[in-house]
Amino acid sequence: MLGVLLSPLLLLSSAALAAEAAGPSAASDSALGTSAAKGLSPSVRQAIESSAVTAAVTASPIATFSKAQYATAGVALRNRQTGAIQISGVVGPVKRAYLYWAFLFGSAPPATQAVVLGPPGAARASATGSLIATGADTCWRSSGIAVYRADVTSLVSGNGLYSIALPRTASATNSGADPWTSLTLPAAEGAALVVVGAGTRNVAVFDKGIAGATFFGSTSYTLNVPGGVKTAPVLWDNIGADGQTGVSVGGRGFGVAKEKTYVNDVQIAGPGTDVTANGVTGSDWDGGVGSPLPQLWDVTGRTLPVAAAPVGKPSLAVRFVSVGQTYDCATPIANVIAY
């Protein structure tokens with residue numbers, strides 16, 4: 001079981017976080033979102049400089065499905081209130097569909113929040129999500145990050161394009177401005193769909209215990225696999241907030257997308273990955289869904305080497321490790337596996 005590198009800030013209440021927040025402001029620091037950002041609260045700065053090792057987080061799924069498979073996809077939404085998510089690869093009927101979204105807040109986020117979801121050009125409907133987690137600021141001078149989940153099974157029929165509209169309480173602006181030159185809270189991170197359809201495998205969805213667990217450089221957690229791995233290879237998808245490629249206005253710099261991902265001590269992504277076994281893989285935290293701008297949202301999918309998740313394995317120990325002196329401040333949202 002792996003220990004988790006978590007900030008002492010994660011133990012602070014939302015009220016305490018709000019008291020330290022710098023509040024809405026125009027961005028003036030090209031290093032925002034990283035450990036090199038200026039003007040961060042004392043507790044965030046302390047967390048960056050001396051992360052504490054706490055008890056390991058072990059997560060169990062919020063839902064499991066048999067005779068299933070899944071698809072994930074997302075859209076980056078910083079300085080946007082609308083976007084679209086393209087789902088591919090689902091075989092009907094849809095067993096379950098979850099919508100996740102997250103934003104940085106300046107004042108305490110509501111317990112529930114409604115968004116609008118549906119196919120473009122067709123009648124769309126309101127979907128109400130519940131606040132499933134709050135976490136530490138991701139180095140943007142906010143009070144923290146809020147993560148929501150909504151069951152949207154009734155609104156998702158299968159493959160296709162689904163437009164989403166956030167309220168102003170999740171995204172203060174629809175300007176489309178460069179995040180590193182314009183920051184107003186609340187500031188959206190992104191949204192993602194997890195759609196479970198018919199198939200031949202077991203599927204598990206995880207968010208409890210990992211959503212909102214902001215980390216500063218490195219973290220780890222363990223996913224319990226109900227009944228153990230049934231068939232290999234295991235598919236593993238990661239949804240995460242606030243990944244970026246570098247320190248630069250326009251997000252075009254280099255230097256912070258160096259996170260390495262390990263599952264059961266086998267590297268599966270990031271610099272130095274065994275390309276013979278895994279092909280060429282980038283970081284799971286480079287803001288790829290929103291590349292080149294606004295970045296800050298990731299939905300990545302990996303096929304795990306059998307060495308990392310053999311048949312019978314009861315758990316997946318996930319570890320993200322950053323390389324270098326400057327690194328991302330990022331937040332897990334959800335994981336999905338087919339096993």
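For clarity, every value in this text was computed on a predicted model and none was experimentally measured.
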Would you kindly confirm whether [X] and [Y] end up in one hydrophobic cluster when ILVMFWY residues are joined by side chain heavy atoms under 4.5 Å apart?
X	Y	result
Y100	L77	no
L117	V90	yes
V225	Y221	yes
L193	V336	no
I164	I87	yes

- prompt: Got a sec, which residues hit side-chain contact (heavy atoms from CB on, under 4.5 Å) with A330, two or more places apart in sequence or on another chain?
  reply: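 Testing A330 for side-chain contact (heavy atoms from CB on, under 4.5 Å), a comparison that skips the adjacent residues, returns F215, W285.
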Using the rule given for side-chain contact (heavy atoms from CB on, under 4.5 Å), can you reason through D286 versus E259, listing the C-alpha separation, both sets of side-chain angles and the distance that settles it, and then say yes or no? CA-CA 9 Å; D286 61 7; E259 296 87 359; 5.9 Å; no
* Any chance you could lay out the side-chain contact (heavy atoms from CB on, under 4.5 Å) test for D284 and D298, step after step, and finish with the verdict? => CA-CA 7 Å; D284 285 312; D298 285 288; over 6 Å; no
Please report the shortest heavy-atom distance between [X] and [Y], naming the atom on each side.
X	Y	answer
V311	A232	CG2-N, 4.0 Å
G74	W297	CA-NE1, 4.3 Å
A63	Y98	CB-OH, 3.5 Å
V156	A97	CB-CB, 3.8 Å
D328	G243	OD2-CA, 3.5 Å
V289	A76	CG1-N, 3.6 Å

Give every residue pair that meets the salt bridge (charged side-chain N to carboxylate O under 4.0 Å, His left out) criterion with at least one member in residues 147-171, sequence neighbours excluded.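 Every salt bridge (charged side-chain N to carboxylate O under 4.0 Å, His left out) pair that includes a residue of residues 147-171, provided the two are not neighbours, is R149-D207.
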For residues 96-111, which residue pairs pass the salt bridge (charged side-chain N to carboxylate O under 4.0 Å, His left out) check, not counting sequence neighbours?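 The answer is none; no pair qualifies.
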Taking the side chain as C-beta and beyond, is there a heavy-atom pair between [X] and [Y] under 4.5 Å?
X	Y	value
F320	S283	no
I132	I62	no
F206	P61	yes
V115	P167	yes
P179	L296	yes
I239	V194	yes
R319	D265	yes

Between T231 and R201, does the side-chain contact (heavy atoms from CB on, under 4.5 Å) criterion hold? Intermediate values first, please. CA-CA 8 Å; T231 59; R201 309 197 69 182; 3.0 Å; yes
Could you note down all residue pairs passing disulfide (SG to SG under 2.5 Å) where [range] supplies at least one of them, sequence neighbours left out?
range	value
residues 64-103	none
residues 78-115	none
residues 113-215	C139-C329

Enter the distance from [X]:[atom1] to [Y]:[atom2] here, rounded to the nearest 0.5 Å.
X	Y	atom1	atom2	answer
L155	L99	CG	CG	9.0 Å
T34	L32	OG1	CG	7.5 Å
Q295	D178	CD	CG	9.0 Å
L235	R302	CG	CZ	12.5 Å
S171	E189	OG	CD	10.5 Å
L40	S142	CG	OG	9.5 Å

Have S175 and N79 got a donor and an acceptor in their side chains that come within less than 3.5 Å?
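No.
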Side-chain H-bond candidate by donor/acceptor type, T331 with T214, under 3.5 Å: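 Yes, side-chain donor-acceptor contact under 3.5 Å.
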Spell out, as yes or no, whether a donor-acceptor pair under 3.5 Å connects the side chain of [X] to the backbone of [Y].
X	Y	result
N264	S315	yes
S35	Y327	yes
S163	A84	no

Going by side-chain heavy atoms closer than 4.5 Å, which hydrophobic residues are tied to V321, directly or by a chain of links?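 Direct or chained contacts put V321 with Y262.
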- prompt: Under the side chain to side chain donor-acceptor pair (under 3.5 Å) rule, what pairs show up with a residue in residues 63-77, not counting sequence neighbours?
  reply: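 As it turns out, the side chain to side chain donor-acceptor pair (under 3.5 Å) pairs with a partner in residues 63-77, which skip direct neighbours, are Y70-D237, T72-D237.
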For this session: Scan residues 81-91 for pairs that pass side chain to side chain donor-acceptor pair (under 3.5 Å), counting only residues two or more places apart or in two chains.
Result: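 For residues 81-91: none.
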Inset, instruction - List in chain and number order the residues that pass ring-ring contact (aromatic ring centres under 6.0 Å, His included) with W236, two or more places apart in sequence or in another chain; answer none if no residue qualifies. - result: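 Checked W236 against ring-ring contact (aromatic ring centres under 6.0 Å, His included); zero matches.
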Y162: what forms a ring-ring contact (aromatic ring centres under 6.0 Å, His included) with it, not counting sequence neighbours?
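Checked Y162 against ring-ring contact (aromatic ring centres under 6.0 Å, His included); zero matches.
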Item checked: Step-by-step side-chain contact (heavy atoms from CB on, under 4.5 Å) determination, Q113 to L131 -> CA-CA 8 Å; Q113 188 174 74; L131 179 65; over 6 Å; no
Test ring-ring contact (aromatic ring centres under 6.0 Å, His included) applied to W140 and W180, F103, F105, the passing residue
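That would be W180.
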- Query: Partners of D242 by salt bridge (Lys or Arg N to Asp or Glu O under 4.0 Å), sequence neighbours excluded?
  - Reply: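 Listed in chain order: R78.
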